[in-house]
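Reviewing the structure listed below.
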Amino acid sequence: MLNNMFQGIFDTEMTTVIAVPDFLLCVGCALVIGLILAGAYMYETRYTKSFVATLAVLLAIVCVVIMMVNGNVGTGVAVAGAFSLVRFRSVPGSAKEIGAIFIAMGAGLVSGMGYLGYAVLYTVILSLVMALYVQIRAWEKNAGSEKTMVITIPEDLDYTEVFDDLLEAYTSRYELTEVKTTNMGSLFKLTYQLSLKDTSKEKEMIDHLRCRNGNLEIMVKNQETTTTSL
């Protein structure tokens with residue numbers, strides 16, 4: 001009776017039915033691995049509760065899908081097409097979020113194929129690598145020098161080259177990316193993307209810029225990356 005309950009109505013004599021204990025073992029292992037991966041992702045990282053919960057469950061979902069495909073090429077193609085539709089319904093995330101999703105899907109694939117030992121080993125290795133990369137701060141040294149600057153200037157000031165000499169002195173590179181009128185057209189707002197040569201001289205640069213723009217508003221902030229969560 002129990003065996004018939006878990007058989008598919010379209011199964012044939014050539015179809016291999018997964019035993020219930022094996023199914024539960026794979027799903028349980030996938031859930032544990034998901035918790036390990038979620039914990040590794042949360043390590044010294046800003047995260048949302050919904051994303052971490054989804055990441056922890058994603059492995060089990062992929063694992064079940066792979067077990068149900070069970071060598072059926074046609075079903076596998078259909079599943080791949082269904083999964084591809086999910087991308088168009090999702091919000092773009094950060095590089096780390098996307099990487100964590102790929103790691104989770106990889107672990108789910110391995111678990112669904114029944115290689116539970118390899119799934120655990122794979123997850124432990126990738127989790128340690130993720131934690132190691134968080135600890136390595138070398139590439140963050142220059143991250144603080146990447147700035148977005150918004151300068152307000154009067155309408156009678158020619159903005160094309162008025163700040164070039166100052167920006168060349170204090171930045172290694174700069175680019176005027178946006179010009180916007182404000183205050184009924186009496187003011188302009190200029191947006192620059194720039195990289196400071198020395199972050200300790202940021203105030204000194206702003207003071208010189210204030211002398212050029214008539215002491216109007218100047219805003220400097222870190223360059224924004226993707227902040228939306230999946």
Side-chain angles (χ1 to χ4, degrees), residues 40-52 54-55 84-105 126 129-230:
Y41 174 83
M42 287 166 27
Y43 178 67
E44 293 191 13
T45 302
R46 295 178 59 187
Y47 60 88
T48 61
K49 180 180 178 181
S50 60
F51 178 79
V52 172
T54 302
L55 188 64
S84 67
L85 295 177
V86 178
R87 177 65 186 87
F88 298 99
R89 300 287 297 176
S90 63
V91 178
S94 66
K96 186 173 182 179
E97 289 174 337
I98 296 173
I101 289 175
F102 275 110
I103 294 173
M105 293 186 68
L126 269 296
V129 170
M130 289 174 61
L132 177 63
Y133 284 168
V134 170
Q135 289 298 319
I136 297 176
R137 307 289 184 180
W139 49 68
E140 295 182 2
K141 183 177 180 180
N142 295 327
S145 64
E146 300 295 324
K147 302 289 184 179
T148 297
M149 181 171 64
V150 181
I151 306 178
T152 304
I153 63 173
E155 61 175 340
D156 58 349
L157 185 63
D158 184 6
Y159 57 81
T160 53
E161 297 180 354
V162 65
F163 301 118
D164 286 1
D165 58 333
L166 291 175
L167 295 176
E168 288 175 0
Y170 288 98
T171 68
S172 57
R173 65 167 186 85
Y174 66 93
E175 180 184 4
L176 178 62
T177 58
E178 184 179 83
V179 179
K180 179 182 178 182
T181 60
T182 185
N183 197 26
M184 300 297 291
S186 61
L187 300 174
F188 283 94
K189 283 194 174 183
L190 314 179
T191 301
Y192 287 89
Q193 305 296 333
L194 50 86
S195 179
L196 296 175
K197 292 180 180 178
D198 186 352
T199 55
S200 64
K201 294 185 177 181
E202 181 178 309
K203 183 181 182 302
E204 181 180 322
M205 178 188 70
I206 294 175
D207 290 338
H208 283 91
L209 291 171
R210 289 167 57 199
C211 297
R212 298 279 181 92
N213 79 330
N215 204 28
L216 294 174
E217 181 183 83
I218 297 177
M219 180 182 67
V220 179
K221 60 180 179 179
N222 292 331
Q223 284 188 5
E224 294 182 355
T225 54
T226 303
T227 56
T228 52
S229 62
L230 294 178

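Atom CG in Leu216 sits 10.5 Å away from atom NZ in Lys189 (nearest 0.5 Å). Taking CG from Leu167 and NZ from Lys197, the interatomic distance works out to 10.5 Å, rounded to the nearest 0.5 Å. Remark: Leu157 CG to Thr152 OG1 distance equals 11.5 Å, nearest 0.5 Å. The line from CG of Leu194 to CZ of Phe163 is 12.5 Å long, rounded to the nearest 0.5 Å. Remark: Gln193 CD to Thr177 OG1 distance equals 4.5 Å, nearest 0.5 Å. In this structure, Leu126 CG and Tyr41 OH are separated by 15.0 Å, a value rounded to the nearest 0.5 Å.
Residues that satisfy the side chain to side chain contact (heavy atoms under 4.5 Å, CB included) test with Lys201, not counting sequence neighbours, are Tyr170, Asp198, Glu204. Tyr159 is linked by a ring-ring contact (aromatic ring centres under 6.0 Å, His included) to Phe188, counting only residues two or more places apart in sequence or in another chain. For Asp156, the side-chain hydrogen bond (donor to acceptor under 3.5 Å, both in side chains) criterion is met by no residue, not counting sequence neighbours. Applying the side-chain hydrogen bond (donor to acceptor under 3.5 Å, both in side chains) rule to Lys203 yields the partners Asp207; only residues at least two apart in sequence or on another chain are considered. Not a single ring-ring contact (aromatic ring centres under 6.0 Å, His included) links Tyr174 to another residue, sequence neighbours left out. Taking the salt bridge (charged side-chain N to carboxylate O under 4.0 Å, His left out) definition, one finds that Glu155 meets it with nothing, sequence neighbours left out. With sequence neighbours excluded, the residues that form a side chain to side chain contact (heavy atoms under 4.5 Å, CB included) with Arg173 are Glu146, Ser195, Gln223.
For the pair Ile218/Met149, a side-chain contact is recorded, criterion being any heavy-atom separation below 4.5 Å from C-beta on. The side-chain heavy atoms of Lys147 and Tyr192, taken from C-beta on, include no pair separated by under 4.5 Å.
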Side-chain atoms of residues 178-187: list all donor-acceptor pairs with protein atoms under 3.5 Å, sequence neighbours left out, distances to 0.1 Å.
{"unit_1": "Asn183", "atom_1": "ND2", "unit_2": "Ser186", "atom_2": "OG", "d": "3.0"}
{"unit_1": "Ser186", "atom_1": "OG", "unit_2": "Asn183", "atom_2": "O", "d": "2.7"}

Does the side chain to side chain contact (heavy atoms under 4.5 Å, CB included) test come out yes or no for Ile151 and Arg212, once each step is laid out?
-> CA-CA 10 Å; Ile151 306 178; Arg212 298 279 181 92; over 6 Å; no
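Put simply, the side chain of Asn213 never gets that close to the backbone of Ile153: no donor and acceptor are under 3.5 Å apart.
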